[in-house]
Structures are given as C-alpha cells and as structure tokens.
Amino acid sequence: MHLFRFFSLVNTQAKMNLKAEASRFILSYLWWVIEPLLFVLIFYLVFDILLNNGRADFLLFLTCGKIPYLWFSKSVTSASNSIVQNKGLIHQIDMPKALFPYVSVQEALYKQWAVFLVLFSVVMYYGYRPELNWLWLIPVMVVQYGLILACSLLGALCVSFVGDFRMIIAMGMMFLMFTSGIFWDINAIANPVLRDLMLTYNPIAFLIDAYRQVLMERSLYDLKHLAALGGVVLVALFAMHGVLHKASKLIASKVMNS
Amino acid sequence: MNQQPETILAAQDVRLCYRRRSGFLKWFEHTALASISFELKRGEILGILGRNGCGKSTLLRLLAGLIEPTSGKIICDMQTRRALLTLGLGFRPDLSGRDNALLSAMLQGATKGKALETLQGIHEFSELGAFYDQPVKTYSAGMRARLGFATAIKTEVDVLLIDEVLSVGDVNFKKKPKRRCWRGSPVSRQWCLFLIVSNR
C-alpha cells in the first residue's frame, strides 16, 4: 500500500472510530476533557487530602508523571488488541496488518491533545507560566509517540498469535506504573548505579523525568539520552514493519481460526 | 480474429489444512480443501455450490489473497483488486452507511478524494434512501448486503467474491449484479469476474 494512502486511511479510520465512540455517550466529545479532569481530581482527593503527602506540589508532580504514562499504557493496551478486534475486516480484505495498531494509536493521539491541555492547566495552576523552554517537550512527545507505535506493533503481533499475551501486557503495564517514578521521584534513588540503570532500561521512567525537568524544574533533560532512545525506537519501528509485512497472511490465518 | 480473454485468477492444485487449539495442549487438525485447480478469465462469472462446511468460504478467502494455501498456488496479478463480500462482516455498526461506505471504498484501494466522489453513486445503487445516513446497527441484513455490494461495484474492484451476501437481498436487488455485468455497462467491461458462493 502506498505510504500516503496508508496514513490517509489511518487518519480517516481513527476519526471515524472517535466519532463512533462519541456517539455512544450523551456527553460525546466532552469526555475527552472530563476523563483526565476526573483523574486529576481523584489524585487530589487521595494524595493531597486523604494521605496528606508532605510535598506541597505533589499533585503537580503526580500529574506530570501519570498523564504521559496513561498515554503510553492506554495506547499500547488498546492497540495490542486491535488486529484481533478487526477480525471482520481481516475476513474480507487483504491489507497491511500494521494499519490496525496505527489506527488505535492515532485515536489515542487525538484524545491526548485534550489531556495535555489539562496537564498544562494544572502546571499553570501551580504558578508556572508557559515559556519557550516548554518547546523542549516536543522532542519528548515525538519520541514517546514512536515508542508507543513500536510497542503497539509488537503487542498486536504477539496477541494475534497467542491471546495470552493480553494478560502479560496488562501485568507489564502495572509493573511499569510502579517502576517508572510516577508516584515517587526516580532521582531520589540513593544508589546512582541503580538510578542510571532505571533511566537507561526503562524508557518510560526517562520520559516522565524529562516532562518533569521541563515543566517543574525549568531545565533540560539529557538530550543525548533522548536521541539514543529515538534511534532505538526508529530501528524497532522498521523491524516491526518488516515482521508484520512478512507475517501478514499468517496473522490473517491465525486471527480467522481463533 | 477474436482475442481470447486473459486469465485473471487461477488455482493450481491448492490444498489447505488448518490446526486449531481445542484445549490445553490439544489441537484439532482439518483439511479444508484438497486438489483444487481451475482458471477464470476476464468477464467470467462463476458460482460455487456445496453443502455447509465443504470449504466454499475458505476457498474464497484463498482467492481473495487473505490467507495462503498449505500447498499449491493461487495465481493473480499484484495489481488486481479483489474484494470479498461476506454477510455481516466489515461494517462499523455505530457509523452511518455513508461513513462505512467511505471507509470500505478506501480499504478497497480508493484514495480519500476518489472515495468521497463515489459516495453519491453508492447511495443511489444501494437504494438505501434516508437510511444511508443512519447508523448501520439500525439496518436489516438485506440493507447491509446492499451497502456492501454497492460499495464494491462503485469502487470498481477487479474481482468481486460474494459469499452468500445476495441471499438476503430482495428479488429486485438480486437481479442488479446480472444487469450490471451483462448489459455492457462500463462496469462490466472493467470487471473480470464475479464469484458467487451458495449452499443452495
């Protein structure tokens, strides 16, 4: 399939899916903003009021970590099921199987704009004003988007062959939630070797720290680290496209007989 | 001198076996098709009849290029656009007929611009009237079949594979494919074949 036509199809299908989803709820597209607002409200109630965490800006700290993590986990989880969920279409037309995870990731990306607006509102509520330094968030978001795509393609491939991978992915997301420094500061790890290991081998931990560096510390993250991560993500994306292309008919056969 | 129509789709000694998991470390193996060979030329219409479970739908999936045979070959040019119509599959129930037609046309190879241009034609051919802009979940089986068939016709696929779809359409609509193919319309000249599967 021609590249332009592929992305045009991804975009059209993602918009249609969002339209279909919005038509199921009375509050329609408003849920894009209501959902992240409710998340922040729950965090506020639990961590600021009930647990009364000592840190004055804990809600901001938590939101800066949780929102990027939710983008990753929601996208990868839904995209991993996307090939299997499109069994009906796979029964009818021979098409690149990468299309389905791409559509899921694109859907999540459209919703994410509203979620990031909520994040920026919380940052401003804590007295931080938008500044040029915030532009350094763009490379972080681009690399995170690439990472989401690569993980989604891998997840969708695995789930289409062995359904049990759904459970493993769900467990993996929980593991990431507790080890990526969402509720605690990764820089608070006393052992520098262990801290470096966490930041090197857990890209989500590094990305969350990068969001906080820009939004809360008004400083810059490790650019070399981000570039290296971007390179790895690019190689992984190419590799996953190759695998999905090669295994296209086999995937169709597996999905039809599942 | 009359030119022989070109072969557009051919099967050579096709065999298909599949293995399905039936429990913990238990597998069920079945040979769905064996020794299937035939050749179809541009303009030909072929019907396949057989009892339930004899492999008709599986054969269509092979011919549509969705799956590969265990052995043997399906010969079809890379440029040939094939569409398989299967009852109740491929439509998003929450979306309108118009939106589904747009997506189907794009999935069958049309650009977005071309797909948008064909929407009016699909509306007229499908005879859905005001239902065209209603969610597909409100459609009857026959209306879904009409939408699928109209989309395939208007996006001018080269090979149309129909798996019992028209068995649910009304009498008038069932005659439409024949009229489209045999009355020398521009569509019939572009089409190569029309494969209909039925258990009746």
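Small disclaimer: the values here were computed from a predicted structure and weren't measured. Labels below follow one simple rule: chain letters A, B, ... track the order of the sequence lines, proteins then strands, and each chain is numbered from 1.
Between A:W32 and A:Y29, the distance from one ring center to the other falls under 6.0 angstrom.
Judged by distance alone, the side chains of B:Y132 and B:E127 never bring a donor and an acceptor atom under 3.5 Å apart. Between the side chains of A:Y102 and A:E107, not a single donor N or O lies within less than 3.5 Å of an accepting N or O.
Counting heavy atoms from C-beta outward, A:L99 and A:V10 have side chains that approach closer than 4.5 Å.
Heavy-atom pairs under 4.5 Å with chain B were tallied for A:S248, A:A252, A:A20, A:S23; the largest tally goes to A:A20.
Proximity to chain A is limited to the backbone of B:A110, based on heavy atoms less than 4.5 angstrom apart. Looking at A:S253, the atoms closer than 4.5 Å to chain B (heavy atoms on both sides) sit in the backbone and in the side chain alike. Looking at A:N17, both its backbone and its side chain come within 4.5 Å of chain B, counting heavy atoms on both sides. For a residue to count as touching a neighbouring chain, one of its non-hydrogen atoms must lie under 4.5 Å from one of that chain's; by this rule A:I90 touches chain B with the backbone only.
With sequence neighbours left out, the salt bridge (charged side-chain N to carboxylate O under 4.0 Å, His left out) criterion links A:K111 to A:E21.
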